[in-house]
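As a basis for the values below, the full set of heavy atoms in this structure was taken, side chains included, without hydrogen atoms, waters or symmetry mates. Quick caveat, the model's predicted, so the values are computed rather than measured.
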Amino acid sequence: MIYCVEDDSSIREMMIYMLKVSGFEARGFGDSSGFWPALKNETPELVLLDIMLPGEDGLAVLNKLRSKASTADIPVIMTTAKGTEYDKVVGLDAGADDYLAKPFGMMEMVSRIKAVLRRSAGRKQSVMSCGSVVMNENRHLVTVEGKPVTLTLKEYELLKLFVESPGRVFTRDTILTSVWSSEFMGETRTVDVHVGTLRTKLGPGGDMIQTVRGVGYKMEAGHEQ
């Protein structure tokens with residue numbers, strides 16, 4: 001099933017027709033108000049999502065999809081009439097799998113869909129979450145309350161360590177060994193600095209990373225503010 005969220009009814013009908021002719025099941029929605037209830041009843045293989053939607057725009061919809069573990073791995077192709085480099089970058093940075101600038105050919109649309117589905121079929125679904133923090137291993141993407149967060153490699157690995165074992169207390173030495181490898185000869189102060197920057201970047205989600213006095217750190221969803 002392909003979901004097509006497009007406010008222009010003539011374009012939407014053409015897209016759905018072409019998808020069905022190409023062997024896909026497809027449903028269309030003029031805005032997000034019908035899309036969300038449908039998503040609860042059936043998870044689509046892929047979503048074609050227009051950026052310029054009335055009410056809740058496509059980027060807001062994408063952020064919500066990526067912020068929930070149950071929908072974070074649904075492939076999304078963004079479409080827009082703007083076609084500017086900025087819109088493309090914003091959409092891809094937010095977690096879109098591909099991008100179509102209007103006007104686009106229907107055969108090109110089908111080709112892009114098949115390519116994205118092939119890529120997604122070969123990926124192991126790996127989405128972890130702790131409270132509002134969601135990590136999508138496939139896309140190497142972290143979101144907090146639906147908003148993408150940019151982390152360094154070590155910050156990402158540190159967060160992954162916490163999210164994989166919520167509630168577990170990690171000593172500084174354990175964190176050094178896990179994130180920086182056993183050969184790392186630096187001081188445990190390195191851990192404290194990285195935890196501090198990670199908390200800051202996660203914003204409201206950073207409150208879940210707690211200091212366990214005299215031991216180390218742990219992450220628990222119940223302490224999110």
Side-chain angles (χ1 to χ4, degrees), residues 36 39-40 43 47 59-76 89-97 116 119-225:
W36 293 119
L39 190 64
K40 291 181 179 180
T43 301
V47 176
L59 288 175
V61 173
L62 178 62
N63 285 334
K64 285 186 180 179
L65 288 172
R66 294 295 178 245
S67 69
K68 299 177 182 178
S70 60
T71 59
D73 263 334
I74 298 175
V76 175
V89 169
V90 169
L92 294 176
D93 282 351
D97 293 85
V116 169
R119 292 199 301 267
S120 63
R123 293 188 309 216
K124 175 185 176 183
Q125 290 202 357
S126 182
V127 179
M128 303 174 289
S129 64
C130 185
S132 64
V133 177
V134 176
M135 299 188 73
N136 189 316
E137 281 278 88
N138 291 337
R139 297 182 170 85
H140 204 77
L141 177 69
V142 175
T143 61
V144 179
E145 297 180 348
K147 299 177 181 178
V149 176
T150 301
L151 301 178
T152 65
L153 178 59
K154 293 304 181 186
E155 289 165 354
Y156 183 91
E157 292 177 351
L158 178 59
L159 178 62
K160 181 181 176 182
L161 184 69
F162 288 138
V163 173
E164 284 181 329
S165 302
R168 176 182 170 182
V169 178
F170 292 92
T171 66
R172 290 172 175 82
D173 286 336
T174 298
I175 294 173
L176 274 174
T177 300
S178 300
V179 177
W180 281 269
S181 83
S182 58
E183 290 108 18
F184 184 80
M185 300 303 292
E187 299 180 359
T188 54
R189 176 61 181 163
T190 299
V191 173
D192 299 331
V193 171
H194 278 76
V195 168
T197 56
L198 180 59
R199 281 171 169 160
T200 299
K201 288 185 177 182
L202 294 178
D207 293 329
M208 292 185 290
I209 302 176
Q210 305 161 52
T211 301
V212 180
R213 195 174 299 277
V215 183
Y217 299 96
K218 67 176 180 177
M219 186 172 186
E220 285 189 306
H223 288 76
E224 187 175 14
Q225 299 298 317

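Proximity of Leu159 to Met219: side-chain heavy atoms (C-beta onward) are separated by under 4.5 Å at one or more points. Side-chain atoms of Glu164 and Met135, non-hydrogen and from C-beta on, never get closer than 4.5 Å to each other. Here the side chains of Leu202 and Ile209 are in contact, with some heavy-atom distance below 4.5 Å. For the pair Gln210/Phe162, no side-chain contact is recorded, criterion being any heavy-atom separation below 4.5 Å from C-beta on. Contact of the Leu158 side chain with the Val195 side chain is registered, since non-hydrogen atoms from C-beta on lie closer than 4.5 Å. Side-chain atoms of Ser132 and Thr143, non-hydrogen and from C-beta on, never get closer than 4.5 Å to each other. Contact annotation: the side chain of Lys201 never approaches that of Thr150 to less than 4.5 Å [non-hydrogen atoms, C-beta and beyond].
Closest approach of Pro166 and Val163 over heavy atoms only: CD-O, 3.3 Å. The shortest non-hydrogen separation linking Gly205 to Val144 is N-CG1, 3.9 Å. Closest non-hydrogen pair, Lys218 versus Arg168, comes out as CB-O, 3.1 Å. In this structure, Ile175 and Phe170 approach most closely via the heavy-atom pair CG1-CB, 3.6 Å. Cys130 and Glu220 get closest at one heavy-atom pair: SG-C, 4.2 Å. Among all heavy-atom pairs drawn from Gly146 and Ser67, the shortest one is CA-CB, 3.1 Å.
A donor-acceptor pair is defined here as one N or O able to donate and one able to accept, closer than 3.5 Å; no such pair exists between the side chain of Asp97 and the backbone of Val116. A donor-acceptor contact shorter than 3.5 Å is absent between the side chain of Arg172 and the backbone of Asp192. Between the Lys154 side chain and the Trp180 main chain, no donor and acceptor come within less than 3.5 Å of each other. A donor-acceptor pair is defined here as one N or O able to donate and one able to accept, closer than 3.5 Å; such a pair exists between the side chain of Arg66 and the backbone of Ile74.
Rounding to the nearest 0.5 angstrom, the gap separating the OG atom in Ser129 from the NZ atom in Lys68 is 12.0 Å. Atom NZ in Lys40 sits 11.5 Å away from atom OG1 in Thr71 (nearest 0.5 Å). Summarising the geometry, atom CG belonging to Leu198 is positioned 12.5 Å from atom OH belonging to Tyr156; distances are rounded to the nearest 0.5 Å. How far NZ of Lys147 is from CG of Leu59: 13.0 Å, rounded to the nearest 0.5 Å. Rounding to the nearest 0.5 angstrom, the gap separating the CG atom in Leu141 from the CG atom in Leu151 is 9.5 Å. Leu161 contributes atom CG, which lies 10.5 Å from atom OG1 of Thr177 (distance to the nearest 0.5 angstrom).
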